[in-house]
Amino acid sequence: MTSKISFSKILKEEFRHHLVSMFVVVLCFLGEVLLFYFDVQDLVIRREDNLPYIKEALAAEGEPVIEAMIPAMVLGVILAVEYFSYLHSRRKTDFYFSLPVKRGHQFLMGILVCLGIFIIPCLAASGLEIAVGYATGYAGMAFLTNMLWRTFCKVLCFAAMWVTMALAMIMTGNQAVALLGLGAFCSYIPLLIRYLLPFYQGFFYETYLQPYRTLKGMWYYFSPVSLATGMSGRYYNWILKEHLSYMIGMIVFTAVIGALAYLLYLKRPAEAAGRAMAFEKVNMPIRFAIVIPLALYFGFFLSEMSRDNGAKIWLIIGIIVGVILLHGIVESIFNFDLRKMFAKKKQMLLTMGCCLGFVLVLQLNVNRFNAFIPEESEVERIVFSVNNDNVYFYDVDVENDDEAGVSGEHVGSVLKMVENAIELNNNIDSYNENEALSCITVKYQMKNGRIKARQYNSFDTLDEENRKLLDSVIGTEEFKKDYYKELFYFKKASIFF
């Protein structure tokens with residue numbers, strides 16, 4: 001009969017078993033302190049005649065820049081792999097799960113041990129860096145504040161990457177597969193899913209207008225890497241209120257992923273060690289989640305390489321080939337057997353059907369994207385630009401609300417101009433690649449708060465009727481005021497007649 005062991009005693013024993021990890025972390029922070037010392041020394045020597053610059057630059061040295069977050073994230077991955085490596089060995093798994101310690105306590109020990117290994121050297125290094133800064137005689141409150149926030153952000157980045165890697169280790173039975181899982185967790189939504197729909201909308205919809213600032217938005221909050229990027233800044237421009245939402249997002253992300261990792265750790269079967277996936281029931285949804293977007297990307301890039309010569313044909317071919325190859329690769333990884341590449345053919349055909357169904361919906365233009373013109377009563381304001389040989393306005397920024405536009409009774413004139421442009425575009429009999437395109441770019445600010453943007457290309461968007469409508473709109477006091485404000489302050493536009 002086994003006797004219970006006190007939690008504190010096991011915790012001390014765990015620290016003793018991670019001396020190598022402690023050495024690596026201490027070495028990493030020692031290198032960071034030395035680099036900080038050399039940077040400050042070089043700054044003071046080169047700029048000793050410019051006191052205001054030294055104070056500003058020293059404060060910037062303490063800012064939570066991404067370069068300072070990367071080591072913390074890497075250490076989070078290393079410590080999680082090192083601590084949970086026993087899950088991928090059947091012998092070690094049997095030993096740990098047979099200990100008279102609850103699984104929940106084992107997971108909690110992992111958090112406390114790894115946080116302790118990281119936080120103690122991190123705080124010591126930050127204290128030394130603060131001491132170095134104040135030893136110069138040029139450090140002020142801004143430097144101290146930035147250093148404290150920098151330390152806090154490091155801990156957040158470490159914790160987020162640790163729980164993410166822990167989840168990958170718990171869900172898999174092999175370290176190589178776990179690292180692939182980490183890559184998927186960090187990039188799946190902010191990269192793989194985020195850009196998929198815009199790519200396909202731009203391919204199938206002639207009037208699609210992609211926002212310029214494509215790295216902002218809710219997508220940042222689904223990955224520890226993108227959250228760390230948003231939480232950090234570049235030298236001389238880190239302001240707390242601009243990054244606070246990402247800090248909160250990082251805390252929420254860490255809590256949610258940590259809770260999920262904890263629950264799966266409690267349910268993980270001991271015999272999962274050595275398998276690709278610890279929970280076989282999730283194999284099918286994971287396979288769909290991986291193969292569908294990657295196959296769509298494969299088809300899209302193959303169509304782009306065709307240079308418009310049967311691009312849609314190559315899109316379909318690329319999707320079909322992509323599904324077959326990717327399904328086979330994923331299935332081989334799940335089973336560690338190349339002979340399983342063509343297993344589960346029904347699921348492969350279902351995946352292919354989902355991909356082709358997605359393409360068919362876009363091809364049929366089910367939502368009538370290209371022909372969209374809102375009702376005048378639904379529009380609060382319209383921002384637009386015209387670009388042809390005679391008139392040029394600045395490019396419309398979908399995410400900027402302070403651009404020249406019109407509202408009220410003049411909304412109808414712009415809508416009529418757009419309607420004429422669509423009709424002109426539909427009546428083009430032949431395409432002459434040497435003839436210059438002109439376009440009308442429109443951003444509809446709807447009364448319900450939503451924003452919809454379209455770009456209408458044609459060889460003559462400004463026929464006689466549209467020129468009269470344009471003259472009536474740009475001659476209004478509202479448009480002139482907004483337009484010349486943009487021209488004067490931001491130098492965004494030039495107008496030529």
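All of these numbers come straight from a predicted model, not from anything done at the bench.
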Shortest non-hydrogen contact from Ala289 to Tyr188? O-OH, 2.6 Å
Hydrogens and angles aside, do Tyr444 and Glu378 bring a side-chain donor and acceptor to less than 3.5 Å of each other? no
When you look at Met69 and Lys154, which way does the side-chain contact (heavy atoms from CB on, under 4.5 Å) test go after all the steps? CA-CA 6 Å; Met69 304 300 115; Lys154 285 181 185 178; 3.8 Å; yes
At what distance, to the nearest 0.5 angstrom, does CG of Leu356 lie from CD1 of Ile320? 5.5 Å
The reported gap from NZ in Lys281 to CD1 in Ile286 (rounded to nearest 0.5 angstrom) is 14.0 Å
His327 side chain vs Val291 backbone, donor-acceptor pair below 3.5 Å: no
Take atom NZ of Lys102 as the centre, draw a 6.0 Å sphere, and report whether it contains more than 12 heavy atoms from other residues, nucleotides or ligands. no
Could you check if a side-chain atom of Val25 sits within less than 4.5 angstrom of a side-chain atom of Leu79, using non-hydrogen atoms only? yes
To the nearest 0.5 Å, tell me how far Arg454 CZ sits from Lys452 NZ. 6.5 Å
Test your reading of the model: is there a side-chain donor-acceptor pair from His243 to the backbone of Ser232, 3.5 Å cut-off? yes
Point-to-point distance, once rounded to the nearest 0.5 Å, from SG of Cys354 to CD1 of Ile319: 12.0 Å
Heavy-atom distance under 4.5 Å between the side chains of Phe253 and Tyr221, does that happen here? no
Mind checking what makes ring pair (Phe, Tyr, Trp, His ring centres under 6.0 Å) contact with Phe279, not counting sequence neighbours? none
Parallel, tilted or perpendicular: which one describes the rings of Tyr208 and Phe369, with boundaries at 30° and 60°? tilted
If you define the side chain from C-beta out and look only at heavy atoms, does anything of Glu32 sit under 4.5 Å from Glu129? yes
Could you measure the distance from the NZ atom of Lys344 to the CG atom of Leu350? Nearest 0.5 Å is fine. 13.5 Å
May I ask you to check whether Trp162 and Phe84 place their ring centers less than 6.0 Å from one another? yes
Aromatic contact between Tyr195 and Tyr200, with the criterion being ring centroids under 6.0 Å apart: yes or no? no
Describe, in one word, how the ring planes of Phe300 and Phe199 are oriented to each other, choosing from parallel (under 30°), tilted (30 to 60°) and perpendicular (over 60°). parallel
Residues, nucleotides or ligands: over 12 heavy atoms within 6.0 Å of Phe372 CZ: yes
Within 45° cone and under 6.0 Å: Arg268 NZ/CZ vs Phe97 ring: no
Neighbour count >12 (heavy atoms, 6.0 Å) for atom CZ, Phe95: no
Working to the nearest 0.5 angstrom, can you tell me the gap between Lys345 NZ and Ile324 CD1? 11.0 Å
Can you find a pair of side-chain heavy atoms, one from Cys153 and one from Met247, that are under 4.5 Å apart? yes
Could you note down all residue pairs passing side chain to side chain donor-acceptor pair (under 3.5 Å) where residues 287-297 supplies at least one of them, sequence neighbours left out? Arg287-Glu331, Arg287-Gln347
Set out, in order, the CA-CA distance, both residues' side-chain angles and the distance that settles side-chain contact (heavy atoms from CB on, under 4.5 Å) for Leu266 and Phe107, then state yes or no. CA-CA 9 Å; Leu266 296 180; Phe107 187 85; over 6 Å; no
Do the rings of Tyr86 and Tyr83 sit parallel, tilted or perpendicular, given the 30° and 60° boundaries? perpendicular
Flag the pair Val379 / Gln445 as yes when at least one side-chain heavy-atom distance between them is below 4.5 Å, and no otherwise. no
Decide yes or no for Phe203 and Lys312: does some side-chain heavy atom of the first lie under 4.5 Å from some side-chain heavy atom of the second? yes
Min side-chain heavy-atom separation Phe143-Tyr138 under 4.5 Å: no
Just wondering, do Thr172 and Met277 contact through their side chains at under 4.5 Å, heavy atoms? yes
